[in-house]
Structures are given as structure tokens and as C-alpha cells.
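Note on naming: letters A, B, ... go to the chains in the order of the sequence lines (proteins, then strands), and numbering restarts at 1 for each one.
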Amino acid sequence: MSLFYVVAFLSIIFALLVIFTKNPVHSVLYLIATFFTFTIHYIILNAQFLAVVNFIVYMGAIMVLFLFVLMLMNLNTDTEPMKSTLLKVVGAIAGGCLLVTLVGSMKTLSSASTTAMDNTGIGLVENLGKVLFSDFLLPFELSSILLLAAMVGAVLLAKKDNKTA
Amino acid sequence: MELEFLIEKTALVLVLFVLTLTIAAYSTWAERKVAAWLQDRVGPNRAGPFGLLQPLADGGKMFFKEEIIPSGANKYLFIAGPSLALLVSFLGTAVIPFGQNIEIFGRVVPLQVTDINVGILYIFGVVSLGVYGIMIGGWASNNKYSLMGAIRGASQNISYEIAMGLSIIALLMVTNTLSFKEIAAQQHGWHWNVLYQPLGFLIFLICAFAETNRVPFDLPECETELIGGYQTEYSAFKMGAYMFAEYINMFVSSVVMAVLYFGGYNYPGMDAVNQALGPTWSPLIGVGVMFFKIIAFIFFFMWVRWTVPRFRYDQLMDLGWKVLIPLAIANIVITAIVIVGFDLFNKL
């Protein structure tokens, strides 16, 4: 349990650094560190497959693309757009509302469901695959169709119009 | 956790670490010797017999060179880049089984640091992490050529990871497991996966060249266009760290290919040898066979380097997206049809 607190503390520190650093590239690097601590959380929960997929997809692919775009744009601290005071106030209020909602939902959450999770081995790849392809087949296939639609949309947007070229 | 277990794992990790370093160091020597051989030259022959002390001389040179950090560079990230590249390249060998279980003083010791049931995905993740060293170093150098090299490295790695992942999926359909230990054990004798997945192996091999940034896919450091690519501003041991990381990556890719497709420690007639030599000495022959395969792959990497010219950048992207990915998907479909066909045939 003490390991959890250490890793959770690191997650929060890195997440805060993502917000508070001025340099956008540093910010992305802290975000990568945050995702790494999430991977450790998954391993502590014995969800090996989820841990490795989080590692590959978020740290290995998505964040590389983030970094890629930021490096291409070559943003510096002085080019960072300054928000007006009104926007800052509105942002603070919206964030506060989200916090209240989250705390409210956490309060009603029963803690009974988290206790019996330790030795089920549900996070191992074999069990997870069986569950995904039997009990959760419909949501699984629906989400894959959603991803396919997004992919086709991205290709369509990126493709040049042949008539004008 | 008992003491023997700790000693056993620590010894294995240390041996693996030293071995990786030695092989990487001697790969630099071997590369120059192979190049010399292919070009009908002599190659390094001054330091020691056959130039065998050349890696030590090179290493010593790198430690004593002046280290230059450009004034416009981001200092911390400039140092973090090569460190990360070197660190990440070491992680891969942790899940590799280097031989059968070996019996030492009545204790059965697996020749594998750890057997996690998502071993292949772990390797895949570590490989995809390798690109950060290049990207961070290239960006922190504050040099246009370095940035170009870093961006090329990133886009190349992302593109070829997809084809690599798809070729692994076809392999998984044959093996039915993600654990390296089980995959290696399944290929007992001569049942090597390359016989069942020839196309998959070819795709994996090409992607391995791209992921390790070796010729013909060394566009991130393409010296004719980009001076030195992402390592242009690096000097002394930081440059050495990048070079070392490349050779270690080459070693790890060779290991992975040997285990996944070429049977790892398995060889025809191993049952007879197992019976003749017993459980203490016969696994060592398996380890020898494994390293023979690894060295053959490393030689292949070098052979290709001095044979095939570098791709142009658009050719690289075309090959990745328009040839390898469709081929890998076709390979998955064909594998699935064959597996289902065999099942139906067996039921009749």
C-alpha cells in the first residue's frame, strides 16, 4: 500500500508540473512521466495487459506525436499567447465546477467494489481477452467501428482534392 | 523472497549487462572488419591482434575528448537525450529466454531474467520508447539539422511500428501466447516459426532495420543531407552513448528475431544431446546455438549496410505505408484462413 502512495504522489507532482511549466516541450515531457506513473499503477493493480498497452499507446505513440507537432511548431515561452483576465476568471470558475462535480460523485461512490479485486487475475491478457470477446462483445465491436470511422475521417480530411490539384 | 533467488537473478542481470556491453563494443569492431572485408580492405589491425583492442581504444578516446554543450542548447534535455537512448536500449533483454532451464548444484535455474505473460508487448513498448532519446536530443541541440533528424526519426519509428505490430499479430495467431518462454519452448527441434511465418518474418526484419535506424533506413542521421542528423551537436561520450545505443538496439533486435522466428535456443537433434549431456551441460549448448543465431543476424545487419544504398525519404514512407502495412494485413488474413482451414480439415 505504501508503494501506491509514493507512486500516486509522483503522479500528482508530474501532473501539476505539466500545468505549471512554461515551456510546452517540457510540459509534454512531464505528461509522459505522468503516463509512466499510471503504467506503474496498473502493474500494482495486477493489470499487466492494460499497463503495457498504456505504455505502448500513450507513451510510445500518442505522446511521440504530441512532441512531434510541438517540435515542428517550435513554440517558445515568449510566443505563448497571454489570456485575458476575463478568460482566466471564467476558466477558474469552470474548473471549480468540475472539481465540485468530481468530489460529489466520489462521495457517493461505494468503496466495497474495490476490496475484492486483488487475486482475480482479471487484468491478465488471457482473461481480459475472454471477457472482451464474450461478455463485452457488443461494446468492444462498437468502439472498434468508432475508431474505424475516426480513421476514415482523418484520411479524408488529410487527402488532397484531386480535382483542384 | 529467498536469498538464492536474489543471487540467481542478480547474477543473470549482471551477466546480461556485461554481455550486452561487450557485444555492442565488439559490434563496432566487427562492423569495420566486415566493411573492410566487403570492400577488399584490411580494416583496423593496429591495436592488438587483428585490431581486437580497437573498441577499448575507441572507448578511451571518447572519455578523454572535450565535451561541448552548445550555448543555445537546452542543457538538461541535451544531457537527457543520449542518457535516455542508452538506458532504454538496455531494457529489452530482460524478458528474453537465453536457454532451457539449467541445473546448477541441484537447483533449477531459468536462463531468463523474468517471464511476464505480455513479453512481446513489453519489447514492443521498449522499442517504441527508444525514439524519445533521438527526439529529445535532436530538439535540445537547437540546430536545424538536428531537429530535422529528430523529426525524421520520430515519423519513421511511428510508421514502421505499425507494420511491425501487424506482423507480430500474425505470429501470435500461430503461437497463441505472448510469453517469450512459451514461444521459445514451442519451437522445439526444428519447428521454427520462420517456417510458418515467412512473410511475417520478412516484414519484421525490414521493420527492425527501420526501428534501429540502420542503413538503408538511417535517414535520421543521413550524413549527406543532414551532416549528422540528431547527433550533429554531440561530442565525446554523449555521441558515444548514441552510437552504443544503436549497436545495443541492433543486438536486441537480433535477439528478438532469433527467439521469435528462428527457434531461439532450439536446434535439430537437441533431444539426443539433452540425454547425452544431462541437465547441467546441454542447456549451455542451446545458449551457444542462440548466440550463433544472434551473431548471424548482427552480421546480416552489417552486410546489408555495405550492400544496399540509402532510401530517399518519400520512398521510405511509401514502403512503410503502402507496401509493408497492406502486406502485413494480407499476412494476417492468410494466416487466419489457413488456421481455420486446418481446424476444419482435422474435424472431418
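Note that CG of Leu129(B) is 10.5 Å distant from CD1 of Ile56(A), once rounded to the nearest 0.5 Å. In this structure, NE2 in His26(A) is found 10.0 Å from OH in Tyr76(B), a value given to the nearest 0.5 Å.
Both the backbone and the side chain of Ser155(B) have a heavy atom closer than 4.5 Å to some heavy atom of chain A. Only the side chain of Leu178(B) comes within less than 4.5 Å of a heavy atom in chain A; its backbone stays farther off.
Heavy atoms of other residues, nucleotides or ligands lying less than 6.0 angstrom from CZ of Phe209(B) number more than 12. Phe14(A) CZ: more than 12 foreign heavy atoms inside a 6.0 Å radius. Counting non-hydrogen atoms of neighbouring residues, nucleotides and ligands closer than 6.0 angstrom, the CZ atom of Phe66(A) reaches no more than 12 such neighbours. Surrounding CZ of Phe78(B) are more than 12 heavy atoms belonging to other residues, nucleotides or ligands, all under 6.0 Å away.
Contact check for Trp139(B) versus Leu67(A): no side-chain heavy atoms found under the 4.5 Å cut-off. Inter-residue side-chain proximity for Leu29(A) and Ile136(B) is flagged as met; some heavy-atom pair is nearer than 4.5 Å. A 4.5 Å side-chain heavy-atom check between Val52(A) and Phe124(B) finds every atom pair outside the cut-off.
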Problem - Intermediate values then yes/no, side-chain contact (heavy atoms from CB on, under 4.5 Å), Leu65(A) and Ile158(B) - result: CA-CA 9 Å; Leu65(A) 286 177; Ile158(B) 291 174; 3.6 Å; yes
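Smallest separation of non-hydrogen atoms from Tyr132(B) and Met63(A): OH-CB, 3.1 Å. Annotation for Ser128(B) and Gly60(A): closest pair OG-CA, 3.6 Å, computed over non-hydrogen atoms.
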